[in-house]
Amino acid sequence: MSEPAAISIRGLAKKYSNGFEALKGIDLEVKSGDFFALLGPNGAGKSTTIGIISSLVNKTSGSVSVFGIDIDRDFPKAKREVGIVPQEFNFNIFEKPIDILINQAGYYGMPRAEAIKNAEVYLKELGLWEKRHMPSRTLSGGMKRRLMIARALIHKPRLLILDEPTAGVDIELRRSMWKFIQQINQQGTTIILTTHYLEEAEQLCKNIAIINHGEIVENTDMKSLLRRLKKEVFVLDSINVLPADIIVKGHHVTRLDDHSLEIEVDKGQSLNNIFALLADSGVQIGSMRTRANRLEELFVELLNGSQEAKA
Amino acid sequence: MNYSEMMVAFVTLVRKEIRRFMRIWVQTLVPPAITMTLYFVIFGAIIGSRIGDMGGFTYMEFVVPGLIMMSVINNSYSNVVSSFFGAKFNNSIEELLVSPTPSFVILSGYVFGGVARGLCVGAIVTLMSTFFTDLNIQHVGITVLTVILTSIMFSLAGFINAVFANSFDDINIIPTFVLTPLIYLGGVFYSVSLLPDFWAGVSKINPMLYMVNTFRFGIIGVSDIDYRLALGMIVFFIILIGGVAYYLLETGRRIRT
């Protein structure tokens, strides 16, 4: 028998008391072991979906199962499988990181001795061990984020949901955080990620859903989605200084600076012609790369498409 | 959650609550000791000596049980209201809500924390009172039972206040405008037998009267009302208020969105 999906959502709807319909009957499935991106603009319904899975938001209708456990039948059991890293800091800033972790483990019924052992493991792995006895208000923004990751993992959930975990975190910390998350994903923990850094989603996630105005507008695997790009954008770096007006017939070119330019190429088109035309203009290409934010283009395209469809 | 896991969650919450008020002992334990000592000095020693006997006891002997009870009520209430509202305010309540800890364990943990602070302050105030009068507790069982039940009741009431509060101002409204007048008019400083019949009758709808008098009965052996009726009323209110508090927590009203 195949393993049940980490998350299975059917017809999930949420209407707030002020009449706002945050979710309009969405269906979503996240496979066990997946690294899944849930993307959408602000107010699209991402946090409401996460809130329902974590019990902080009461759903209006629909069903949610976590590893086959229906939250309407046995929410406490389903909660054991989930670790949540919310968007906003939600711990008592007067408490120490070690106490925050031990208490959280206690709320899951974990004996204190085991909780202390686990807290040590995660505080060390996330670089917080030296700060364990400091009031958490004295931690930097990045440390507070890592503290919330450690807290979400303390009861060893099979599903970790990260809601904008890298907001306000510097590049170095972000990289080390992702390395750690990828590591736990490889060990079998399912990851659901929402982020505004689309290049992160593109690099990390295997599958993706895009939500807008409370509806899923796309749900597919990352490769298939990126394959849909009709055009690709390359960044070319020249050895010599680029001419002021650079034209490559049949292509849209943007001069970025004296030594680099961006060029749009239809998918599947040969690049030889472009190099030949550039060589004729006296440009000597030293290196080239694909522009990283391909997902961003698709994201905007899909959101615009869903808005136009409504109009 | 099985029984032992629930016990772990309960102990974790209680430990956290006790550590919270012990960490800020200057704000939580010292002020009631100072305030009650001033009451003992002013109402007991200075003014009380001119009042004379009340129900066959010196005024100091009469007033001490009421003042102890007053500090227990205020501190049980304020511990839960400030702790739970604080957790709501900084969203750390989500730590508990996302966990599998059942609602009754969460409620019990907060209430136990309130009772712990109420009893702690009650013990300090009792100790201070011994510098002003001799305490010969007449009915130890009734005294202990009354103080614990009253503390539970006001901890539950504090919880409900915290659920409905939207700001720190809201957690002071009930103690200032409801609790304090009821306590002051609940026979802490006087015997209702001194009041005209009409006002004595009106006083009997004040629940504080029953708690203060039952506690006084436990300590000095006299009361304006039957202690059995009073204990029954306290238990009734615990069930009523506890039921409302549990309902609010279980349904997530004003806690979840």
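Letters A, B, ... are given to chains in the order of the sequence lines, protein chains preceding strands, and every chain is numbered from 1. Treat the numbers as computed from the prediction; the structure is a model and nothing was measured.
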**Study point:** When Leu56(A), Ile52(A), Ile53(A) are compared by non-hydrogen pairs under 4.5 Å with chain B, the top option
**Key:** Leu56(A)
Review point. So, Asn185(A) side chain and Asp34(A) main chain: donor-acceptor pair closer than 3.5 Å or not?
Key: yes
Review point. Taking all atoms of both residues into account, what is the closest heavy-atom pair of Leu139(A) and Met143(A), and its distance?
Key: CB-CB, 3.8 Å
Mind ranking [options] by heavy-atom pairs under 4.5 Å with chain A and telling me who comes out on top?
| options | value |
| --- | --- |
| Ala9(B), Ser4(B), Pro102(B), Gly109(B) | Ala9(B) |
| Met7(B), Arg23(B), Arg19(B), Arg15(B) | Arg15(B) |
| Val11(B), Ile255(B), Thr257(B), Val105(B) | Thr257(B) |
| Leu96(B), Thr101(B), Ile93(B), Ile106(B) | Leu96(B) |

Review point. Using the ring of each side chain (for Trp, its six-membered ring), is Phe168(B) parallel, tilted or perpendicular to Phe85(B), with breaks at 30° and 60°?
Key: perpendicular
Exercise for review: Inspect the contact between Arg10(A) and Asp70(A) and indicate whether a charged nitrogen and a carboxylate oxygen are less than 4.0 angstrom apart.
Suggested key: no
Review point. Quick one: what part of Tyr16(A) sits under 4.5 Å from any heavy atom of chain B, side chain, backbone, both or neither?
Key: side chain
Practice item. Tell me, for Lys77(A) versus chain B, whether the close heavy atoms (under 4.5 Å) come from the side chain, the backbone, both or neither. Key: neither
Practice item. List the steps, then state whether salt bridge (Lys or Arg N to Asp or Glu O under 4.0 Å) holds for Lys24(A) with Glu215(A). Key: CA-CA 6 Å; Lys24(A) 297 169 184 168; Glu215(A) 290 169 334; 5.1 Å; no
Exercise for review: Tell me, for Thr251(B) versus chain A, whether the close heavy atoms (under 4.5 Å) come from the side chain, the backbone, both or neither.
Suggested key: backbone
Exercise for review: Under the side-chain hydrogen bond (donor to acceptor under 3.5 Å, both in side chains) rule, what do Ser47(A) and Asp163(A) come out as? Steps first, then yes or no, please.
Suggested key: CA-CA 7 Å; Ser47(A) 294; Asp163(A) 195 1; 3.0 Å; yes
